[in-house]
Amino acid sequence: MKLRTMLSALGFLTAVHGTSGCYVEWGRDDRRLVPPTPSPITPGDFEPPSFTFTQSRGCAGAFNTSACGFDRPLMVGVREVIRFSIPGNAFSPAPEVTASDPEALAITAVERTSERGEGFQGTISVQALRVGASVIQVRDASGTTWGFPIRVDEAAGMILEGDEGNPRFDAVEGRLQLRVGEQVSLTGYPVNLNVERLYANDGVTWTAPDTRTVNLSWQFMSGARVVDDHVYIQGRAPGQVTLQVRAGVVERAVVVEVSN
């Protein structure tokens with residue numbers, strides 16, 4: 001079953017119109033299968049460690065929130081930070097951290113963040129490189145090793161949603177109506193062939209041909225190009241402009257009509 005059929009069945013998308021953007025889709029025979037997710041590695045004498053994403057949409061809150069666990073993959077090309085906690089001395093040097101498949105997931109930095117308490121807390125910066133699965137292994141000075149699997153997958157489609165039920169955004173037609181000075185926010189959720197949402201953050205790129213008609217911003221920033229899965233769009237002057245939203249190999253268009 002092709003992705004468009006799958007998404008339509010779930011009520012996410014209907015037939016593609018000229019203004020609703022371009023979709024990349026693969027047939028079943030073209031699919032690149034992701035290796036089975038390995039089981040977490042946890043020593044029997046300790047509580048399992050805490051691992052959670054910090055940069056993707058909705059993941060900047062509580063330390064061990066289940067909303068940011070590894071229930072879905074990272075998108076190919078995405079940079080992410082993992083916050084983790086393991087038993088031990090909070091002031092110990094950073095443990096040794098490795099990836100079982102560095103060609104799928106590269107570790108770019110490890111830092112200690114703990115300042116108090118009995119457990120060690122830190123962050124692991126990673127970049128998703130290609131479709132696959134890799135186990136992040138954390139080894140402390142005593143040789144105890146913990147691990148957690150992370151999947152990496154490629155975007156095969158994208159869902160655009162207006163935050164807070166914005167009635168001015170037509171997700172099917174890919175059209176947004178604004179008044180001059182009005183600001184709304186949209187979120188682009190890349191999905192894989194199984195219609196799983198991918199953690200994407202800086203992997204989603206919003207582009208506007210100019211900023212005379214609209215601004216793309218995070219309150220303190222504005223410009224013609226924004227890299228984030230969530231963006232604010234503000235009407236500046238009457239007119240029409242087409243925004244391009246890209247996630248990996250998938251691209252969609254949003255036609256913004258600004259009126260007085």
Would you please name every residue forming a side-chain hydrogen bond (donor to acceptor under 3.5 Å, both in side chains) with [X], sequence neighbours left out?
{"X": "Glu257", "answer": "Arg175"}
{"X": "Thr205", "answer": "none"}
{"X": "Glu111", "answer": "none"}

Please check if [X] and [Y] belong to a single hydrophobic cluster, counting links between Ile, Leu, Val, Met, Phe, Trp and Tyr side chain heavy atoms closer than 4.5 Å.
{"X": "Val204", "Y": "Val231", "result": "yes"}
{"X": "Val152", "Y": "Phe51", "result": "yes"}
{"X": "Val110", "Y": "Val138", "result": "yes"}
{"X": "Ile150", "Y": "Val97", "result": "yes"}
{"X": "Ile107", "Y": "Leu129", "result": "no"}

Donor-acceptor pair, distance only, cut-off 3.5 Å: does the side chain of [X] make one with the backbone of [Y]?
{"X": "Arg83", "Y": "Gly122", "result": "no"}
{"X": "Ser114", "Y": "Phe120", "result": "no"}
{"X": "Arg130", "Y": "Gly132", "result": "no"}

Point-to-point distance, once rounded to the nearest 0.5 Å, from [atom1] of [X] to [atom2] of [Y]:
{"X": "Phe84", "Y": "Phe148", "atom1": "CZ", "atom2": "CZ", "answer": "14.5 Å"}
{"X": "Ile86", "Y": "Ser92", "atom1": "CD1", "atom2": "OG", "answer": "8.0 Å"}
{"X": "Gln240", "Y": "Leu176", "atom1": "CD", "atom2": "CG", "answer": "11.0 Å"}
{"X": "Asp140", "Y": "Asn89", "atom1": "CG", "atom2": "CG", "answer": "11.0 Å"}
{"X": "Thr145", "Y": "Arg139", "atom1": "OG1", "atom2": "CZ", "answer": "4.5 Å"}
{"X": "Ile124", "Y": "Thr54", "atom1": "CD1", "atom2": "OG1", "answer": "11.0 Å"}

For [X] and [Y], which heavy atoms make the closest approach, and how far apart are they?
{"X": "Ala208", "Y": "Leu243", "answer": "CB-CD2, 3.5 Å"}
{"X": "Gly188", "Y": "Trp206", "answer": "N-CZ2, 4.0 Å"}
{"X": "Glu196", "Y": "Arg151", "answer": "OE2-NH2, 3.1 Å"}
{"X": "Val78", "Y": "Tyr199", "answer": "CG2-O, 4.0 Å"}
{"X": "Asn260", "Y": "Pro238", "answer": "OD1-CG, 3.3 Å"}
{"X": "Val250", "Y": "Ala155", "answer": "CG2-O, 3.6 Å"}

Between [Y] and [X], is there a side-chain heavy-atom distance shorter than 4.5 Å?
{"X": "Leu105", "Y": "Ile136", "value": "yes"}
{"X": "Thr213", "Y": "Arg236", "value": "no"}
{"X": "Gln177", "Y": "Ser259", "value": "no"}
{"X": "Ile233", "Y": "Asn215", "value": "no"}
{"X": "Val254", "Y": "Leu160", "value": "yes"}

Practice task
Give a yes or no on whether a salt bridge exists between Glu161 and Arg197, defined as a side-chain N under 4.0 angstrom from a carboxylate O.
Solution key: yes
Exercise for the section: Check the side chains of Ser100 and Gln137 for a donor-acceptor pair under 3.5 angstrom, ignoring hydrogens and angles. Expected result: no
Exercise for the section: State, without any angle test, whether Asn201 and Ser56 hold a side-chain donor-acceptor pair at a distance under 3.5 Å. Expected result: yes
Practice task
Start with the C-alpha distance between Val258 and Arg179, add both sets of side-chain angles, then the distance that settles side-chain contact (heavy atoms from CB on, under 4.5 Å), and finish with yes or no.
Solution key: CA-CA 5 Å; Val258 182; Arg179 295 186 182 277; over 6 Å; no
Practice task
Would you check, one step at a time, whether the test side-chain contact (heavy atoms from CB on, under 4.5 Å) holds for Arg79 with Ser125?
Solution key: CA-CA 7 Å; Arg79 297 179 184 274; Ser125 299; over 6 Å; no
Exercise for the section: Give the intermediate values and the outcome of side-chain contact (heavy atoms from CB on, under 4.5 Å) for residues Leu198 and Val191. Expected result: CA-CA 6 Å; Leu198 306 178; Val191 295; 5.7 Å; no
Completion exercise
From the list Thr242, Leu186, Val214, side chain to side chain contact (heavy atoms under 4.5 Å, CB included) partner of Val256 resolves to Val214
